[in-house]
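Comments concern the structure below.
Each chain gets a letter, A, B and so on, in the order the sequences are listed, and its residues count up from 1.
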Amino acid sequence: MFCEECGHPIFGEGAAEATRQLQNAPDELGMKATWGTARLGNNTSIIIHIRDAEEPIILQLNRELILGRLDPTSDTKPDLDLTPFGALEKGISRMHATLQRNEDTLTIIDMGSINGTYLNGQRLTPQQPRILHDGDEIRLGKLVLHIYFQ
Amino acid sequence: MKALQDYYAMLGVSPEATPEDIKVAYRRAARRFHPDTNANPGAVAQFRDIAEAYEVLNNPSARAEYNLAIRQRGLPPPYFDIRVTPSKRALRRLPEPQVLYLLVEIIPNERYAEQDQRQVPLNLALVIDRSTSMKGPRLERVKQAAHRIIENLNPDDILSVISFSDRAEVVVPATTIDEPATLKAVVSTMQANGGTEIFQGLQAGVKQLEQSLNPKSVNHLILLTDGHTYGDEEKCLRLAEEISQQGIGISTVGIGQEWNDVFLDKLASKTGGSSTYINAPSAIVRFLNERVRSLGAAYVERLRLSVAPDSDVVLEDAFRLVPHPQPLPTDKEYIPLGSLEKNKSISVILQIQMPALPENRFRTVARIDITGDILQDGYRGYKVVSDFSIEVSDEAPQENPPTAILNALGKLTLYRMQEKAMEALSTGDVREATRRLENLATRLLENGQESLARAALAEARRVARTAMLSDEGQKALKYGTRALLLELPPPSTK
């Protein structure tokens, strides 16, 4: 991402024209770290952007929310049914993962799903909670979603 | 005590997994890391772990016994965590290899790191060069530093002091600090005289450390030298490798301009230690005491990183950014990282080459694990595993990499430019070396590093004129650009 010959940054907008003298130092290009805050205030809403879905899902979470796929033949049912987003073909388990609100953080727990839950690319160990940050990317099987705090 | 391993996490299955789930998970993992298909050095370690986990979990009675052990003893608490941040969240589908950077952070879990005064004893050997060139202020400062270390150590810490020239002499045999005044008096008797044979000193230091080798201690050797060692470098590196297995770390300190930086870097990195350059003798006291303090603040020792890329992925390079900027060896099963302090994360940047990616899909990249010994609780081999995947897509967004990675790579590039200039010079390409040094000067100036930029420019001129660098300038640039990494803002915000 930086030329090792001359040290020019080669990414983003100016990438294709690396010979041009860039006026901005790389840290002034208005970049944002991928992860934001982990702090979840009392009145913070949680916004779930599901890839290719038109509308984001906005919710006030009090305790926990089970993400999964509704299966009429099964007794258990998820709090948020992902069937409308192609849950079956994207390999989502009936009980896939739980979002859990704690004192001032939000955690995600994989519930032993077949195709796994990934947090920013890292596969989660089943049943071990991980803290979510604003802007994190979650993948359930092949379904990608982003979590924002607002 | 060997830490109870979380076999379920190693296989990536839930504790409620059925025997069939376990078989599937094992087969999937074994396909990725079996030595027959994956030639990456790190894969060996991962495959061994996976096989060990499977052996227990696949056998009903062994699994029941293991579950009982977990219930009775409990799994160790999360002493530290790994966070992996990629330079891109998704990769473009491309018919040719592309580079991906991973920032690996090892984050101490404050709840489980000892909060009060340190409990962990130090087993420390100071190995001091007393060759003729150390005569005068250098040796005097080293003695002063040793005095200060003796004052600051706890009574139950163990210290030995070895001086060496062409032979080694045990000045202070391994001892607890019962009589600091006597120890200080003995240290004061050291006289400079003779040549420099580092192996002699190392070997004598290791012998002292071995007498009190303790898995619950920090066992560390600090080597101070101002000279080149001749003919015994290979022997030194072999010894470093051996003692790294025993859990002994080496930190090296080069004083002045005449020592071999490449060699000392290698020596330290074999054990996860640090290597440092001290220009002025006056800095010796402060530096050494800081180093001993940080060793004493460790709560995890013998920390090692294993990176197992998938069989078609290559780990090209690894560099520790903080706390001790240092190139890391990538040709071994484990990359030693030294110790973890309770309030200081360790960050390592990995340069990874992804193969041609012909289809859109999610794919695994590498499995990364960190193993270490938890000193306060006496757990050996505590392990945290992270399996990293990425999306390959035609629609991969053109987003800029996270700031933390950009900042780190920006600084690392300066270091690499310096290295490339040295390389060019060593092959005799004076014009190329001059050009690279001039580029480096420009970049340094843009980064607000005026004095380093001036040094680079002065060296560029010197190279153009004499085809040689000054020893001083070469070390100033190498350790100066490396030190820039220490000024990085901490990557993770709480």
Side-chain angles (χ1 to χ4, degrees), chain A residues 1-13 15 21-27 29-39 51-52 90-91 109-131 133-137 139 141-144 146, chain B residues 6 8-10 12-17 21 24 78 81-87 89-90 99 101-102 361-362 364-365 367-368 385-391 398-407 409-410 412-414 416-417 420 435-436 439-440 442-444 446-448 491-494:
Chain A
M1 275 180 296
F2 290 85
C3 169
E4 287 196 3
E5 296 292 317
C6 66
H8 269 298
I10 36 173
F11 52 83
E13 307 275 308
Q21 176 77 40
L22 285 176
Q23 294 302 321
N24 302 333
D27 45 9
L29 288 173
M31 258 148 276
K32 180 171 155 283
T34 314
W35 53 79
T37 177
R39 177 168 289 275
R51 182 182 287 174
D52 299 330
K90 291 201 158 126
I109 304 156
D110 177 80
M111 300 172 77
S113 64
I114 302 289
N115 294 308
T117 303
Y118 296 78
L119 172 56
N120 297 323
Q122 278 190 90
R123 185 169 180 156
L124 299 187
T125 300
Q127 312 301 348
Q128 289 186 12
R130 298 288 296 232
I131 292 176
H133 293 243
D134 187 14
D136 273 345
E137 179 177 285
R139 172 153 73 87
K142 290 181 178 175
L143 184 74
V144 177
H146 290 90
Chain B
D6 189 345
Y8 292 105
M10 279 180 183
V13 295
S14 144
E16 285 89 49
D21 293 341
V24 170
D81 199 4
I82 323 181
R83 181 151 68 217
V84 180
T85 308
S87 52
R89 287 209 205 193
V99 170
Y101 294 94
L102 298 180
R361 63 181 177 113
F362 296 98
T364 48
V365 174
R367 199 170 133 117
I368 294 167
V385 185
S386 169
D387 204 341
F388 184 78
S389 296
I390 202 157
E391 179 176 9
Q398 271 284 37
E399 56 179 0
N400 284 319
T403 331
I405 293 196
L406 268 186
N407 285 343
L409 285 177
L412 197 54
T413 303
L414 296 173
R416 294 249 186 273
M417 287 171 77
K420 288 205 162 173
R435 194 179 61 79
R436 287 184 184 277
N439 281 340
L440 175 62
T442 314
R443 277 290 137 194
L444 283 167
E446 283 179 13
N447 275 266
S492 22
T493 42
K494 286 250 171 73

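Taking CZ from Phe362(B) and CZ from Arg139(A), the interatomic distance works out to 4.5 Å, rounded to the nearest 0.5 Å. The structure places OH of Tyr118(A) at 12.5 Å from CD1 of Ile390(B), a figure rounded to the nearest 0.5 Å. Note that CZ of Arg443(B) and SG of Cys3(A) are 9.0 Å apart. Values are rounded to the nearest 0.5 Å. Note that OG1 of Thr125(A) and CG of Asp6(B) are 7.0 Å apart. Values are rounded to the nearest 0.5 Å. Atom CG in Leu406(B) sits 5.0 Å away from atom CZ in Phe2(A) (nearest 0.5 Å).
For a residue to count as touching a neighbouring chain, one of its non-hydrogen atoms must lie under 4.5 Å from one of that chain's; by this rule Leu414(B) does not touch chain A. Residue Arg361(B) does not touch chain A at all, counting heavy-atom pairs closer than 4.5 Å. For chain A, the nearby part of Val13(B) is the backbone; its heavy atoms alone come within less than 4.5 Å. If you measure heavy-atom distances from Ala9(B) to chain A, the contacts under 4.5 Å come from both the backbone and the side chain. Both the backbone and the side chain of Ser389(B) come within contact range of chain A, judged by heavy atoms closer than 4.5 Å. Heavy atoms of Thr442(B) lying under 4.5 Å from chain A are absent altogether.
Contact check for Ser14(B) versus Met111(A): no side-chain heavy atoms found under the 4.5 Å cut-off. Between Asp81(B) and Arg130(A), the closest side-chain pair of non-hydrogen atoms falls below 4.5 Å.
Stacking of Arg123(A) on the aromatic ring of Phe388(B) is not recorded, the 6.0 Å distance cut-off and the 45° axial limit not both being met.
Annotation for Asn120(A) and Arg89(B): closest pair OD1-NH1, 3.7 Å, computed over non-hydrogen atoms. Shown here for Ile82(B) and Gln122(A), the closest heavy-atom pair between the two residues is O-OE1, 3.6 Å.
Scored by the side chain to side chain donor-acceptor pair (under 3.5 Å) test, Arg51(A) finds Glu391(B) as partners (sequence neighbours excluded). Qualifying side chain to side chain donor-acceptor pair (under 3.5 Å) partners for Arg367(B), counting only residues two or more places apart in sequence or in other chains: Gln46(B).
For NZ of Lys90(A), the number of neighbouring non-hydrogen atoms (other residues, nucleotides, ligands) closer than 6.0 Å is greater than 12.
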